[in-house]
Amino acid sequence: MATRAAAGSALAARIGALVRKIPRGRVATYGQIAALAGAPRHARFVGAVLRRLPEGSPAPWHRVLGAGGRLSLARFAPHAAQTQRLRLEREGVRVVGRGRVDLARYGWRGPAARRGPSARTK
DNA sequence: TTGCTGACGGCAT
DNA sequence: CATGCCGCCAGCA
C-alpha cells in the first residue's frame, strides 16, 4: 500500500487544502506550501497542482507566489499574472515594482497562524 | 522502464 | 537589481 502515485495524490489534495486556508489579504510561497504539506523540496509540485486546478476552483491560487514574494507566474502566462496581481491588490495586498509582494507584511504564517495582537504594520 | 518536462528555489554572472 | 543556469522530484509520454 501507499504507492508513490497514491502518495502524490494525497500530497496534491493536501496542497489544495492548504491553499484554500490562505487568509484573504495574505500570500504564501510555493516552497512554503510544499513544506507545510510535508514535502519541503516539492515547490514545483505545488505549481503543477495549481496548474491542474479547474477554472471554477475555490482555491485562491493567486495567493501563491514564488520565493521572496515574486510573481514568477508572469513569464509563463502574462495574462494570468495580470489577473493574479489584480486580485491581490483587490484584497489589499500591495504589489510593488515588476511584481513583488512584501512577505514580511502580507506573508501567511501557516495554518495555525491567527491574526495575533501583534500589529505588523510598521 | 527510460527519459524529458516543469505556476520552483538558490546561487552565479 | 535583473537574467541565466543548475539542482530537486514527481508526473507524463
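Residue numbers start from 1 in every chain, and the chains themselves are labelled A, B, ... in the order their sequence lines are given, proteins ahead of strands. Keep in mind it's a predicted model, so treat the numbers as computed, not measured.
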Q | Distance in angstrom units between A:Ile33 CD1 and B:dG9 P, rounded | A | 11 Å
**Q.** A:Arg85/A:Glu89 ion pair, N-O < 4.0 Å
**A.** yes
Q) Where the side chain of A:Gln84 meets the backbone of A:Val64, is there a donor-acceptor pair that is under 3.5 Å apart? A) yes
Q | Nearest-neighbour nucleotide for the A:Ala43 side chain, B:dA7, B:dC8, B:dG10 considered | A | B:dC8
Q.
Whole angstroms only, please: what is the CD-P distance between A:Gln84 and B:dC8?
A. 11 Å
Q: Start with the C-alpha gap between A:Ile33 and A:Val49, add the side-chain angles, then the distance that decides, and say whether side-chain contact (heavy atoms from CB on, under 4.5 Å) holds.
A: CA-CA 11 Å; A:Ile33 296 298; A:Val49 172; over 6 Å; no
Q: Summarise protein proximity over nucleotides 1-13 of chain C in one line of letters, 5' to 3': B for base, S for sugar-phosphate only, - for none, counting protein heavy atoms closer than 4.0 Å.
A: ------BBSSSS-
(Q) Ring centres within less than 5.5 Å and planes less than 30° apart: is that true of A:Tyr30 and B:dA7 in this structure? (A) no
Q: Rounded to the nearest 0.5 Å, what's the gap from CZ on A:Arg63 to CZ on A:Arg87? Could you check?
A: 9.0 Å
Q | Co-membership, hydrophobic cluster, residues A:Leu11 and A:Leu53, 4.5 Å side-chain | A | yes
Q. So which one's nearest nucleotide on DNA chain B is more toward 5', A:Gly68 or A:Leu50?
A. A:Leu50
(Q) Measuring to OP1 and OP2 of B:dC8, would you say a side-chain N or O of A:Ser72 lies under 4.0 angstrom away? (A) yes
Q | Value rounded to 0.5 Å, distance of CG in A:Leu103 from CZ in A:Arg26 | A | 11.5 Å
